[in-house]
Colleague: 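Dropping the structure in here first, questions after.
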Amino acid sequence: MNVKRDQQYTSPPSLLTETIPIIDLSDPNDELVTHKLVKASEEWGVFQVVNHGIPVYLMQQLRELGRQFFELPESEKESVTRPADSQDIEGYFTKNPKHLKAWNDHLIHNLWPPSSINYRYWPKNPVDYRKVTEEYTRNVTKLTDKILGYLSKGLGLRREALKEGLGGDKILYLMRINYYPPSDSVIGAPAHADLCALTLIISNEVPGLQVFKGDHWFDVEYISSAIVVLISDQIMRMSNGRYKSVLHRSVMNKEKTRMSWPVLIEPDHDLVVGPLPDLTGEENPPKFESLAFEDYVHRKLNKLLRD
Ligand code: OGA
Ligand code: NI
């Protein structure tokens, strides 16, 4: 979807009586937590989690190291630049802003599983980058398991069902760091839904992430200790449409640099993903075609999808 430059980026506050759910994962009432997560995933496709088990100091270190990397001179960042002829999506990428409709400075590299990691694309400067990112990875994979467990239970399935349906230990985790310098003329990320299964985001203190619900764009409130969870396309497809893949975008700030760290959680690339068999039947026909994840990506990027 194209976003026009003159489109209003904020909705009139008087209309925003609803807010994006904030869910406390330390609540011992498991049924209640499941219920809240399920409701948020059905109605919004997005929620924030607090007391999620990832130490706040670690989130702060990750932010600080990402900032230090992006503030290095271009010549130093080149050590992890994606080669121009590369088919990979990993690496540092920047583009002359004159040619841009949307801002697009980012670094992408795999986090997990170990066999997928190419350290060539992990910054060596700042020196703690690898250590901190590895610690964040251990935490983020654990949190993902927990969230997938709740979402599975909410579908009436075993806790492991969604994880297994995404490839189990072969689930791929990617780090993407977005860097949006001050601007009042371009959008950061145009409206889109993520192709992966689930997206777990932290950002710096500059707000800019917005999600679409009903007929409004809603600002995602910045909470320093929270993780923003987006339901993305594959969870929507596996749940046969019960969970919603949320349309979102990121707007730039006129004065301040915004940064965000989405972790993208993807199925094993040649695994066929579609509505889980336990959720479909005569009365509940599949709403989506089952496709290998890589074919889904190809079709969506080339706009060939039928569902
Ligand atoms: C993305 C994305 C949101 C943000 O990278 O897919 O939606 O807050 N980013 O930058
Ligand atoms: Ni996104």
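Quick caveat, the model's predicted, so the values are computed rather than measured. Every number for a ligand or one of its atoms is a count from 1 in the order of the listing.
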Colleague: Quick one about Y92 and E74 (side-chain donor to acceptor, distance below 3.5 Å, no hydrogens or angles considered), yes or no?
Modeller: yes
Colleague: Which protein atoms of type N, O or S are found under 2.8 Å from the Ni ion (ligand 2)?
Modeller: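 Listed by chain and number, the atoms are H192 NE2, D194 OD1, H248 NE2.
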Colleague: Apply the hydrophobic cluster definition, ILVMFWY joined by side-chain contacts under 4.5 Å directly or through others, and give me every member besides L301.
Modeller: L195, L291, F293, Y296, V297, L305
Colleague: State yes or no: are the ring centers of F218 and W44 separated by less than 6.0 Å?
Modeller: yes
Colleague: For the hydrophobic clusters of this structure (ILVMFWY residues joined by side-chain heavy atoms under 4.5 Å, transitively), does one cluster hold both V246 and V220?
Modeller: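 Yes, one cluster joins them.
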Colleague: Please round to the nearest 0.5 Å and tell me the distance separating atom CG of L174 and atom CD of E266.
Modeller: 5.0 Å
Colleague: Any donor-acceptor pair under 3.5 Å linking the side-chain atoms of N118 with those of E90?
Modeller: no
Colleague: Name the residues in contact with ligand 1, where contact means a heavy atom under 4.0 Å away: which are they?
Modeller: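 Within 4.0 Å of ligand 1, protein side: R176, N178, Y180, H192, D194, L209, H248, S250, R258, S260, P262.
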Colleague: Without placing hydrogens or testing angles, list every side-chain donor-acceptor pair under 3.5 Å for residues 147-155, not counting sequence neighbours.
Modeller:
from : atom 1 : to   : atom 2 : distance (Å)
S152 : OG     : L148 : O      : 2.7
S152 : OG     : R159 : O      : 3.3
S152 : OG     : L162 : N      : 3.1
K153 : NZ     : D30  : OD2    : 3.3

Colleague: Could you tell me if N240 and T280 have a donor-acceptor pair between their side chains, going purely by distance under 3.5 Å?
Modeller: no
Colleague: Transitively linked via ILVMFWY side-chain contacts under 4.5 Å: L107 with Y119?
Modeller: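 Looking at the clustering, Y119 is in the same group as L107.
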